[in-house]
Amino acid sequence: RRRAGLWVPVVSGVLRSTSFPPTIEQEILAGALAIPDSTVVGLSAAAIERMPVGPPGRPMVAVLPGRSARVDGVRALRLSQTVPSRRWYSVRRSTTEATIVLLPRFVDDATLERCLDHCLAHRLTTVDRVRRLLDRLPAQAVSGRRILLGLLDRRSEGVGHRSGLEQRVA
């Protein structure tokens with residue numbers, strides 16, 4: 001099938017069918033499949049959630065220290081903390097809260113704010129869930145912690161997209 005052009009390589013060792021047009025999700029999934037026991041994180045996880053981060057570039061995955069993670073076309077991050085994750089197709093991806101907490105490493109403050117608002121508006125997470133994750137992690141493990149805490153404080157009473165009744169209940 002590869003010689004016939006029905007399958008084409010996406011990243012090292014992972015092929016895709018040419019029956020469908022290529023998508024960002026296919027590339028991200030291929031990157032995670034190329035590195036066993038990895039977790040989709042950062043800009044790639046944000047792209048899956050449709051956060052306003054722009055094109056994610058190379059697939060970004062996290063691995064624990066000591067794991068071999070060199071694959072052409074995949075950006076592998078070695079994280080000392082296990083990233084909270086959930087199943088996504090046949091791999092794992094970081095939870096929405098973990099994605100928000102890791103984003104300050106990769107985006108500017110305005111983009112981080114837009115991503116947080118996107119997640120709250122689409123009810124992908126809550127301020128409390130993001131804050132609980134921040135509280136569980138060591139301070140040095142989260143770059144941009146102060147900025148993120150400030151954004152969460154401003155949104156703890158609700159954000160403008162909520163109805164008056166929702167804001168009163170909160």
Identify whether [X] and [Y] are in the same connected component of the hydrophobic contact network (ILVMFWY, side-chain heavy atoms under 4.5 Å).
X	Y	value
Val41	Leu64	no
Trp88	Ile35	yes
Val71	Ile24	yes
Phe106	Leu133	yes
Leu79	Leu137	yes

Residue pair [X] / [Y], side-chain heavy-atom distance below 4.5 Å:
X	Y	result
Tyr89	Val40	no
Cys115	Pro52	yes
Ser17	Arg1	no
Leu103	Leu43	yes
Met51	Ile100	yes
Glu27	Pro22	no
Glu113	Arg155	yes
Leu151	Asp117	no

Legend entry - side chain to side chain donor-acceptor pair (under 3.5 Å) between Ser94 and Thr39, intermediate numbers included: CA-CA 6 Å; Ser94 62; Thr39 303; over 6 Å; no
Nearest heavy atoms of [X] and [Y], plus distance in Å:
X	Y	result
Ser85	Arg92	OG-NE, 2.9 Å
Ala32	Val91	CB-CG1, 3.7 Å
Ser44	Ile28	O-CD1, 3.5 Å
Arg2	Pro9	NH2-CG, 3.6 Å
Val53	Ala47	CG2-N, 4.4 Å
Gly31	Val74	CA-CG2, 3.6 Å

Side chain of [X], backbone of [Y]: donor and acceptor closer than 3.5 Å?
X	Y	result
Ser38	Val63	no
Ser12	Ala34	no
His118	Glu49	yes

Measure the [atom1]-[atom2] distance between [X] and [Y] for me, rounded to the nearest 0.5 Å.
X	Y	atom1	atom2	answer
Thr95	Arg129	OG1	CZ	8.5 Å
Leu112	Arg105	CG	CZ	13.5 Å
Gln81	Leu102	CD	CG	10.5 Å

Inset, instruction - Would you mind telling me which of Val127, Asp128, Thr126, Ile147 makes a side chain to side chain contact (heavy atoms under 4.5 Å, CB included) with Leu152? - result: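 Among Val127, Asp128, Thr126, Ile147, the one meeting side chain to side chain contact (heavy atoms under 4.5 Å, CB included) with Leu152 is Val127.
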Legend entry - Enclosure of Asp72 CG (heavy-atom neighbours >12, cutoff 6.0 Å):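 No, not enclosed.
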Inset, instruction - State plainly whether the residues Glu25 and Arg50 are in salt-bridge range, i.e. N to O under 4.0 Å. - result: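 Salt bridge flag = yes for Arg50 with Glu25.
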Legend entry - Under-4.0 Å salt bridge between Asp153 and Arg131: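 Looking at Asp153 and Arg131, the cut-off is met.
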